[in-house]
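Note that these values count all heavy atoms, side chains included, but never hydrogens, waters or copies made by symmetry.
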Amino acid sequence: MKQDTVEIIRNALKGLKNRWGTEALPRIEVEIPRNGSMGDIATTVAMRLTKSLRKPPREIAAEIVEKIKEQQPDMFESVETAGPGFINFRFSREFLLKSLAGLLQKGRHALRTDTGKGRRIQVEFVSANPTGPLHVGHGRGAAVGDALCNILKAAGFDVQKEFYINDAGLQVRLLGESVFARYRQLTGNNVPFPEDGYRGAYIESIAKEIHDRYGDRYREETFEECGEFFTGYAYRMMLAAIEKDLRDFGVVFDRWQSERELYSQGKVKEALDELRSKGLLYEKDGATWFRSSRFGDDKDRVVIKQDGEYTYFASDISYHRYKLQRGFDTIIDIWGADHHGYVPRIRSVLEAFDLPPDKFRVILIQMVSLLRHGEPVQMSKRAGEFITLREVMDEVGADITRFIFLTRRADSHLDFDIDIAKEQSAENPVFYVQYAFARISSLFRQASERGLGSGDTETGEADLTLLSENEEISIIKKLFQYIMVLEGAAHSCEPHRITYYLQELAGMFHAYYYKHRIISGDDKLSRARLCLCRGVHIVLEDGLGLIGVSAPERM
RNA sequence: GCGCCUGUAGCUCAGCAGGAUAGAGCAACUGACUUCUAAUCAGUGGGUCGGGGGUUCGAAUCCUCCCAGGCGCGCCA
């Protein structure tokens, strides 16, 4: 619908090119007017041309309108200039009804777009340290990342979802040490608990599991002797727990990349060698530095420390180089907002490896504050006291949690009130949308009992021209805005736009349902209206699918 | 000190890639259930878009300065 409109405008502009004597045509942008009475879709192209043509925008708009009318597009009922130089289009009823019929025939396939053109995108998200359970912040990252990937796929991109496992550093060793210390307590042969060790209860349960299985076998050994066992055991358990939490949250990754593997496969050394050959590494004060300042970073960064150890940044360099080697056109990293200082650094790396700057995007996820009865829940990571994603999921449910995570832009703070989330009330927008879907499902059940079909064109054989109420036409228009919203969400990497759209569509449906009877004594009209309901049903289901929320048949 | 993010209705937030008269939900108030699911609907009030300057045909949106809040500024991970 958008594409068709743009095409018609482009044709008109081409037709006017000679008269205007211009070479390049401007980008044709269409938008949905704020006020529906202005039109269904509008373009500002005339105003954009005013500078190069040195003519008043209204005059240009009038010329374009005239040219468009020469094409006699049956899509539109009217095309007119308005305001400072807008061109407003109003879709014809025939076109809208034909589009609805198309949607019913093709189903969700009609809702795909190909702005991605199969380009390959890699999205890395969550990437939590495997040293403890996922917390709510990770959950938000997971919800945003997963929804974004669904959206990008629906927009025609070839997407890979990846989780990067920081399994090489000190943190994982510290996890092993913490478990070891707890284990020793169980054997009655205490060792000091590591400073900065992990103190959560999950550490104790891992220690207990080891003790249950192996008894006092490691009672007398030092951590140097059996640390590998403890670290490996604890790490595998944590990773398995993380994977399970994510799966239960509805998030499944295509690939898990281990940091340690980057080392063992020599990729870190390779990456640094390449930088060195490009003259981007140098030695100073006994350390090796990367010239990130050459690419806009504040200062150069150390990659190999004085003691000969690699920094965390070194493996990150190799990781991002490896992403590029795997042939992705675009790299998207989703991080907690507290890591924003890292952006220029990684950007430098990708530029050093010749990725154009616009092919790398970072989405920063702002903090989630958990509330209960409006009061903040105290959390202390050091003491291991924090609410996990698992707890929230178990208490309020995955659907609600995911939806709420997507009711805000990723980069704005989110207050998550557990009590309000649990309440099945009007305060809870999830139900509002799901209820619209369930309501329609219920209509279909009743319709089929009465032999009316359920709005499928095959069984319905409905006469769509019976759809003549204002609300009906408005809903049809809204259905076809879905694709524009999808494209916008993909372009801007903002999944929350889908969430807002769904609330609007659900709202329009609820109002329509209340005002007009769907299944009435008039079978023909009932069939037509069921078709409209089917359209809404399809779009709601698709949109909920994108944000990873279920579409229940009953509530 | 430097950098990034945020500041829009009483509250929580949208506002799409500069566009037309700045929106929604909640709260408040007034109404609607013998009805296809009231987890719903109709209506009312509510704004100096943090502030100043600039760019332009046009700014909540872009630039700049200031104010307020948050987060970062390691040879930690």
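- Listed nucleotides B/A77, B/A38, B/C5 differ in distance to A/D411; the shortest reach to its side chain belongs to B/C5.
- Rounded to the nearest Å, the gap between the C1' atom of B/C66 and that of B/G7 is 14 Å.
- Ionic pairing of A/E63 and A/R58 is not present here: no N-O contact between side-chain nitrogen and carboxylate oxygen is shorter than 4.0 angstrom.
- Under the Watson-Crick or G-U wobble criterion, with both distances below 3.5 Å, B/A68 is paired with B/U6.
- If you check every strand for non-hydrogen atoms under 4.0 Å, A/R450 touches nothing.
- With A/R527 contributing its side chain and A/D522 its backbone, the two residues share no donor-acceptor pair below 3.5 Å.
- Across all strands, A/A438 comes closer than 4.0 Å to base atoms (heavy-atom distances).
- One atom, CD of A/E31, and another, C1' of B/A17, lie 10 Å apart when rounded to the nearest Å.
- As rounded to whole Å, 12 Å separates atom C1' of B/A38 from atom OH of A/Y432.
- When the nearest nucleotides of RNA chain B are assigned to A/Q366 and A/I41 by heavy-atom distance, the more 5′-ward of the two goes with A/Q366.
- An OP1 or OP2 oxygen of B/G15 is reached within less than 4.0 angstrom by a side-chain nitrogen or oxygen of A/R409.
- For B/A42, the base has no donor-acceptor partner in the side chain of A/Y514 [N/O atoms by modelled type, under 3.5 angstrom].
- If you check every strand for non-hydrogen atoms under 4.0 Å, A/Q306 touches a base.
- The P atoms of B/C63 and B/A17 are separated by 13 Å, rounded to the nearest whole Å.
- Heavy-atom contacts from other residues, nucleotides or ligands closer than 6.0 Å to CZ of A/R554 number 12 or fewer.
- Base pairing annotation: B/G43 forms a Watson-Crick or G-U wobble pair with B/C29, both donor-acceptor distances under 3.5 Å.
- Across the C1' atoms, B/A20 and B/C36 are found 40 Å apart, a figure rounded to whole Å.
- One finds the CG atom of A/L525 at 10.0 Å from the NE2 atom of A/H516 (value rounded to the nearest 0.5 Å).
- Looking at which nucleotide of RNA chain B each of A/Y310 and A/M38 is closest to, the 5′-most match is held by A/M38.
- Taking atom CZ of residue A/R140 and atom P of nucleotide B/C71, one finds them 15 Å apart after rounding to whole Å.
- At B/C36, none of the side-chain N or O atoms of A/R517 fall inside 4.0 Å of OP1 or OP2 (strictly under the cut-off).
- Side-chain proximity of A/Q171 to B/C75, B/G74, B/A77: nearest is B/A77.
- The side chain of A/S412 places an N or O atom within less than 4.0 Å of a non-bridging phosphate oxygen (OP1 or OP2) of B/A14.
- Side-chain nitrogen and oxygen atoms of A/K305 include at least one within less than 4.0 Å of the OP1 or OP2 phosphate oxygen of B/A77.
- Put simply, A/R439 has a side-chain N or O that comes within less than 4.0 Å of OP1 or OP2 on B/A38.
- Considering only side-chain atoms of A/T50, the nucleotide from B/C57, B/A77, B/A39 that sits closest is B/C57.
- Using cut-offs of 30° and 60° on the angle between ring planes, the pair A/Y342 and A/F313 is perpendicular.
- A tilted orientation is assigned to the rings of A/F509 and A/Y513, their planes being inclined by 30° to 60°.
- Remark: aromatic rings of A/F91 and A/F480 are distant, center separation not under 6.0 Å.
- The partner of B/C36 cannot be assigned: no Watson-Crick or G-U wobble pair with both contacts below 3.5 Å exists in any strand.
- Comparing B/U12 with B/G46, their C1' atoms sit 16 Å apart, to the nearest whole Å.
- Pairing partner, B/G23: B/C13, with both Watson-Crick or wobble hydrogen-bond distances short of 3.5 Å.
- Comparing B/A20, B/C36, B/A39 by their closest approach to the side chain of A/F431 singles out B/A39.
- Within 4.0 Å (heavy atoms only), A/A436 reaches no atom of the nucleic acid at all.
- The NE2 atom of A/H413 sits 9 Å away from the P atom of B/G70 (whole-angstrom rounding).
- A sub-4.0 Å separation between OP1 or OP2 of B/A24 and a side-chain N or O of A/R408 is absent.
- Distance A/M508 CE to B/A42 P: 11 Å, rounded to the nearest Å.
- A donor N or O paired with an acceptor N or O is found under 3.5 Å between the base of B/A20 and the side-chain atoms of A/N88.
- For the P atom pair drawn from B/A77 and B/G69, the interatomic distance equals 33 Å after rounding to whole Å.
- The separation between A/I363 atom CD1 and B/C5 atom P is 14 Å, rounded to whole Å.
- A close approach under 4.0 Å does not occur between any side-chain nitrogen or oxygen of A/H496 and OP1 or OP2 of B/A24.
- Nucleotide B/A14 holds its P atom 20 Å from the CD atom of A/Q481, rounded to whole Å.
- When distances are taken from the side chain of A/A511 to each of B/G72, B/C57, B/C41, the shortest belongs to B/C41.
- Contacts of A/D298 with the nucleic acid, taken as non-hydrogen atoms under 4.0 Å apart, are absent.
- Nucleotide B/G18 has no partner under the Watson-Crick or G-U criteria, as no pair reaches both atom distances under 3.5 Å.
- For A/W289, the listed nucleotide lying nearest its side chain is B/C75; candidates were B/C75, B/A77, B/A32.
- In this structure, of B/C41, B/A38, B/C13, it is B/C13 that holds the atom nearest to the side chain of A/Y500.
- When heavy atoms are screened at a 4.0 angstrom cut-off, A/A82 is found touching base atoms of the nucleic acid.
- A ring-centre distance under 6.0 Å is found for A/Y263 and A/Y310.
- Closest approach of A/L370 and A/V392 over heavy atoms only: CD1-CG2, 4.3 Å.
- Per the geometry, CE belonging to A/M47 stands 14 Å off C1' belonging to B/A59, to the nearest Å.
- Here the nucleotide nearest the side chain of A/E29, chosen from B/G72, B/A17, B/C13, is B/A17.
- Only the P atoms considered, B/G54 is 37 Å distant from B/G72, to the nearest whole Å.
- Among the protein residues, A/I304 comes within range of no part of the nucleic acid, since none of its heavy atoms lies under 4.0 Å from any strand.
- In the set B/A22, B/C75, B/A17, B/A22 carries the atom at the smallest distance from any side-chain atom of A/R34.
- Side-chain rings of A/F163 and A/F125 stay apart, their centers remaining 6.0 Å or farther from each other.
- Between A/Y512 and B/A42 there is no side-chain N or O to OP1 or OP2 distance below 4.0 Å.
- Atom name P, nucleotides B/A9 and B/A22: the rounded distance is 15 Å, in whole Å.
- Stacking of A/H340 onto the six-membered ring of B/G72 is not present when judged by under 5.5 angstrom between centres and under 30° between planes.
- The residue A/D300 sits apart from the nucleic acid: no heavy atom pair falls under 4.0 Å.
- Taking atom C1' in both B/G23 and B/C62, one finds a spacing of 22 Å when rounded to whole Å.
- In this structure, A/K299 reaches the B/G74 phosphate: one of its side-chain N or O atoms is under 4.0 Å from OP1 or OP2.
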